[in-house]
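See below for the structure under consideration.
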There are 2 protein chains.
Amino acid sequence: MSKGGIILKKIVIVEDDLFMREELASIFMKEKYAISCITCFQHTSKDILKESPDLVILDINLPGATGFEICRTVKQKSSVPLLVLTSRDQMRDELHALNLGADEYLTKPCHKDRLLARVSNLLRRYEGRNHFVEVQGIRLDRKTYTLYVGERSIVLPENQGKIMELLLSHSDDIVTKEMFFKKLWGTTEYIDENALQVNMTRLKKTLGSIFLNERIITIRGKGYCLVSSEGMKND
Amino acid sequence: MSKGGIILKKIVIVEDDLFMREELASIFMKEKYAISCITCFQHTSKDILKESPDLVILDINLPGATGFEICRTVKQKSSVPLLVLTSRDQMRDELHALNLGADEYLTKPCHKDRLLARVSNLLRRYEGRNHFVEVQGIRLDRKTYTLYVGERSIVLPENQGKIMELLLSHSDDIVTKEMFFKKLWGTTEYIDENALQVNMTRLKKTLGSIFLNERIITIRGKGYCLVSSEGMKND
DNA sequence: TATAACACTTACAGTTATTGAAAGATTTAA
DNA sequence: TTAAATCTTTCAATAACTGTAAGTGTTATA
């Protein structure tokens with residue numbers, strides 16, 4: 001869906017080397033991508049997310065915060081496809097990056113066509129990924145966490161939004177605490193359960209304000225479950 | 001649009017007298033409205049908005065902040081219909097309230113049916129009011145200020161959202177600075193113009209991040225104008 | 001070109017929102 | 001009854017949003 005012009009896919013390039021950065025930018029611009037470059041690496045992951053890009057190209061060796069950190073944070077806070085481009089060719093670096101959520105790992109120097117192929121491949125892979133989850137008239141914008149129910153709409157805070165996204169996409173089914181941990185904090189390891197509970201309480205209250213009361217039920221010892229329609233029950 | 005149950009209209013009652021409050025609540029509950037009562041009057045307008053009600057019933061004589069203040073703030077921050085219910089029957093109070101944006105002004109004691117009639121009337125009047133403004137594929141949720149363009153979505157901060165709402169609903173037409181002042185700060189009187197400019201700059205930057213560059217043009221000495229399609233111009 | 005009015009940008013500080021930690025209350029299952 | 005699990009409330013740290021201030025650009029007209 002678009003207007004006058006086609007909406008270009010937007011790529012954010014995170015690379016400290018000026019020459020390399022310009023080179024990349026020019027390659028992609030020729031291929032009709034819209035490019036944003038990060039040039040200050042103080043709040044990198046935040047800056048990346050602010051651009052709301054369609055894809056991120058990330059160098060691992062950066063001044064300040066490590067690229068791995070950035071990779072983890074970005075993939076934790078959003079689901080944008082992320083390609084790591086680096087001069088390190090250690091196998092364990094590659095595994096580490098992929099573990100942190102990177103979608104691709106390419107080592108420099110990298111042939112232009114190879115890079116372009118990976119990028120368009122990644123974009124295609126993410127294309128279909130629907131923008132909304134909808135169940136029984138409850139509709140959630142996966143990106144902004146705007147929730148639509150009947151005539152109402154409300155923007156959920158990030159954590160509540162993530163919880164809701166999980167619940168909706170597994171509605172009437174159990175979502176385990178581990179799944180929530182992974183989604184909210186990017187790890188399956190033990191995080192104070194209370195943090196999850198507090199956020200769950202907050203979400204319940206928020207849902208109450210738009211009349212989705214009693215929709216989240218607790219599965220003792222397992223997790224939580226969203227009851228999709230009023231007056232329906234399911235174990 | 002609804003699921004299992006009908007979505008009730010939600011009314012927030014702001015009344016400090018316990019008896020009166022319960023009375024009102026019971027009247028409306030019998031008529032199948034969902035009711036929330038404000039019982040602490042420290043952050044009243046904020047609490048009202050948090051409930052995202054369909055209608056507000058506001059007593060003017062409250063402990064702490066005056067009802068007029070609350071009226072102004074609420075109508076300034078949202079477009080929820082607001083009915084003032086009070087024991088003051090001075091004409092100038094009525095005019096004052098209506099000036100501050102109140103939609104109805106009823107004096108106590110008020111007959112139940114009269115009240116119900118006004119309420120359902122107000123709700124009907126606001127019903128049609130479309131939830132979204134859309135022009136040329138640019139769609140804005142008037143309530144949450146979530147902006148949709150192509151595959152992208154982004155939540156605008158309140159001020160940017162209000163500016164965008166005005167621009168969209170008068171797209172390709174001049175929106176004067178006075179209109180912005182009224183919308184953002186609820187007054188036509190002189191407010192530091194710079195405040196508007198700063199917010200305008202911020203909006204332009206935000207729009208840039210989703211490729212709506214150069215869409216806001218300045219009409220020197222008058223105001224601003226949103227160009228609805230790329231490559232179109234209009235004075 | 002000069003100049004004055006108007007518009008824009010950037011940085012900063014006050015305020016508000018969001019968050020996890022902590023501690024205690026409540027519920028549940030056996 | 002009791003212990004584990006879950007829930008709730010409060011608090012402080014962090015991040016987001018906002019208007020102010022001060023300086024920089026731009027435009028129209030003489």
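Owing to the predicted nature of the structure, the values given are computational and were not obtained by experimental measurement.
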| Which is true for A:K204 with a 4.0 Å heavy-atom rule: it touches a base, it touches only sugar-phosphate, or it touches nothing? | sugar-phosphate
| field | Out of D:dC7, D:dC11, C:dA7, whichever nucleotide has its closest atom nearest the side chain of A:R202 | value | D:dC11
| request: Calculate the interatomic distance between A:L156 atom CG and D:dA16 atom P; express it in whole Å. | output: 17 Å
| said: What is the separation between atom CD1 on A:I219 and atom P on C:dA29, rounded to the nearest whole Å? | reply: 11 Å
| said: Measuring from the side chain of A:V198 (C-beta onward, heavy atoms only), which nucleotide among D:dT9, C:dT19, C:dA7 has the closest atom? | reply: D:dT9
| task | Measure from CE on B:M200 to P on C:dT10 and round the result to the nearest Å. | result | 17 Å
| Length of the CZ-P vector between B:F180 and D:dG19, whole Å | 14 Å
| request: Give a yes or no on whether a donor-acceptor pair under 3.5 Å exists between the nucleobase atoms of C:dT18, that is its base, and the side chain of A:N199. | output: no
| Nucleotide of D:dT6, D:dT18, C:dA5 approaching B:R220 most closely (side-chain heavy atoms) | C:dA5
| said: Which nucleotide wins on minimum distance to the side chain of B:T218, given the candidates C:dT27, C:dC8, D:dT20? | reply: C:dC8
| message | From CG of A:L196 over to P of C:dT19, roughly how many Å is that when rounded to an integer? | response | 13 Å
| Below 4.0 angstrom from OP1 or OP2 of C:dG20, is there any side-chain N or O of A:W185? | yes
| message | Hydrogens and angles aside, do A:Y126 and A:D103 bring a side-chain donor and acceptor to less than 3.5 Å of each other? | response | yes
| Sole residue of A:I57, A:L24, A:D54 in side chain to side chain contact (heavy atoms under 4.5 Å, CB included) with A:I11 | A:I57
| query | Are OP1 or OP2 of D:dA5 and a side-chain N or O of A:K177 less than 4.0 angstrom apart? | reply | no
| request: Give a yes/no on whether any side-chain N or O of A:T201 is located under 4.0 angstrom from OP1 or OP2 of D:dT8. | output: yes
| query | Looking for any heavy atom pair under 4.0 Å, which part of the strands does B:K205 touch: base, sugar-phosphate only, or nothing? | reply | nothing
| task | Decide yes or no, distance alone: a donor-acceptor N/O pair under 3.5 angstrom between the base of C:dA22 and the side-chain of A:D192. | result | no
| field | Atom-to-atom span, CD of A:E158 to P of D:dT14 - whole angstrom | value | 17 Å
| said: Tell me if the NZ atom of A:K177 is crowded by more than 12 foreign heavy atoms within 6.0 Å. | reply: yes
| Which whole-number value in Å describes the distance from A:L203 CG to C:dG20 C1'? | 17 Å
